[in-house]
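Report on the following structure.
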Amino acid sequence: MGQCEVISSKTVLVFLNLIFWAAAGILCYVGAYVFITYDDYDHFFEDVYTLIPGVIIIAAGALLFIIGLIGCCATIRESRCGLATFVIILLLVFVTEVVVVVLGYIYRAKVEDEVDKSITNVFNQYNGVSSDSASRAIDYVQRQLHCCGIHNYSDWEKTPWYNKSKNNSVPLSCCRDSIFNCTGIMSRPGDLYSEGCEALVVEKLQEIMMYVIWAALAFAAIQLLGMLCACIVLCRRTRDPAYELLITGGTYA
């Protein structure tokens with residue numbers, strides 16, 4: 001029975017190490033996605049600490065790649081030291097991913113307040129010039145999220161750009177994709193996106209945080225299984241003096 005346990009645990013462990021390599025790539029991708037999104041929406045929230053979950057999850061991905069390498073070598077060679085190192089590092093990454101989940105929930109809750117504090121100021125900075133970062137950010141968000149204004153297109157009437165232009169129109173980025181020859185004039189509201197951007201920006205940023213949280217939770221569960229299998233092999237190797245390496249042609253006692 002003990003021999004079957006060890007062989008099964010080692011088989012699962014080798015398979016999990018392959019999953020760890022795939023997980024490392026996925027976690028790094030998720031972390032990079034957080035950075036890319038922050039770059040697109042950074043005008044709408046000033047708290048740079050929102051990037052912390054992304055930084056941690058990239059670090060966890062890099063560690064998972066190393067863990068997969070150590071785990072494969074330690075499992076095949078049935079190295080006590082290697083398996084112990086594998087379990088310790090895996091535990092550290094597990095704790096790191098728990099921290100990511102906690103921070104993800106904290107910053108997810110803060111996103112709405114951050115956007116609410118900054119979005120009016122960003123819209124007031126709009127000047128319609130493509131070289132201006134605030135203008136590019138607003139045009140990008142309105143086109144990508146299919147929105148116009150803060151709560152709706154009428155919010156543009158309160159901006160300095162609208163009062164200065166005096167043409168009773170909103171930026172062309174408010175125009176629906178399906179409308180040709182749209183000029184952004186407010187007397188034709190059917191040509192414009194009706195939904196405001198604030199709620200959609202908050203939803204987008206919270207959605208990204210949920211990706212981070214679910215990725216961390218999923219791989220933390222896999223790591224728990226990996227630690228369990230490694231502990232079974234390690235305990236068998238430690239307590240049974242007659243236990244020999246399979247790769248040297250030995251047998252189990």
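All of these numbers come straight from a predicted model, not from anything done at the bench. In this chain, numbering begins with 1 at the start of the sequence shown. Keep in mind that the numbers below use all heavy atoms, side chains included, and drop hydrogens, waters and symmetry copies.
Annotation: the span from L205 atom CG to L200 atom CG amounts to 11.0 Å, rounded to 0.5 Å. For the atom pair CG of L64 and CD1 of I57, the computed distance is 9.5 Å after rounding to the nearest 0.5 Å. A distance of 9.5 Å separates OG in S133 from CD1 in I138, rounded to the nearest 0.5 Å. Interatomic distance, R188 CZ to C175 SG, rounded to the nearest 0.5 Å: 9.5 Å. Atom-to-atom distance recorded for Q142:CD and C174:SG is 3.5 Å, nearest 0.5 angstrom. Remark: S194 OG to R176 CZ distance equals 5.0 Å, nearest 0.5 Å.
With hydrophobic clusters built from ILVMFWY side chains whose heavy atoms lie under 4.5 angstrom apart, V98 shares a cluster with L224. The same ILVMFWY cluster, assembled from side-chain heavy atoms under 4.5 Å apart, contains both Y33 and V55. Both Y140 and I119 belong to a single network of hydrophobic side chains, linked directly or stepwise wherever heavy atoms of I, L, V, M, F, W or Y lie under 4.5 Å apart. Follow the hydrophobic side-chain contacts under 4.5 Å out from F35 and you reach L27 in the same cluster. Put simply, I26 and I36 are part of two different groups of oily side chains (I, L, V, M, F, W, Y) that touch within less than 4.5 Å, one to the next.
Counted by atom type alone, Y193 and N152 present zero donor-acceptor pairs between their side chains at under 3.5 Å.
Listed here is the closest heavy atom pair of L172 and G184: CD2-N, 4.1 Å. The two residues I58 and A32 come nearest to each other via the heavy atoms CD1-N, 3.9 Å. Heavy-atom minimum distance, A216 versus V100: CB-CG1, 4.0 Å. Looking at every heavy atom in both residues, A215 comes nearest to V30 through CB-CG2, 4.3 Å. Closest non-hydrogen pair, Q125 versus A134, comes out as OE1-CB, 3.7 Å. Across all non-hydrogen atoms, the minimal contact from Y153 to V170 is O-CG1, 3.9 Å.
Applying the 6.0 Å contact sphere to CD of Q206 captures more than 12 heavy atoms from other residues, nucleotides or ligands. Heavy-atom neighbours of Y29 OH from other residues, nucleotides or ligands within 6.0 Å: at or below the threshold of 12.
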| Is there a side-chain contact (heavy atoms from CB on, under 4.5 Å) between H151 and E198 once you walk through the steps? | CA-CA 6 Å; H151 302 103; E198 181 176 2; 3.2 Å; yes
| request: Take L63 and L92 through the side-chain contact (heavy atoms from CB on, under 4.5 Å) test and state the conclusion after the steps. | output: CA-CA 9 Å; L63 276 175; L92 289 175; 5.8 Å; no
| query | Yes or no on side-chain contact (heavy atoms from CB on, under 4.5 Å) for Y126 and T159, after CA distance, side-chain angles and deciding distance? | reply | CA-CA 8 Å; Y126 186 87; T159 63; over 6 Å; no
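With respect to the salt-bridge test (charged N to carboxylate O, under 4.0 angstrom), the residues K158 and D155 qualify.
By the 4.5 Å heavy-atom criterion applied to side chains, M186 and E157 are counted as neighbours. With a 4.5 Å cut-off on side-chain heavy atoms, T183 and S169 do not count as touching. Proximity of H146 to D177: side-chain heavy atoms (C-beta onward) are separated by under 4.5 Å at one or more points.
With S135 contributing its side chain and N127 its backbone, the two residues share a donor-acceptor pair below 3.5 Å.
W156 and Y162 have their aromatic ring centers separated by at least 6.0 angstrom.
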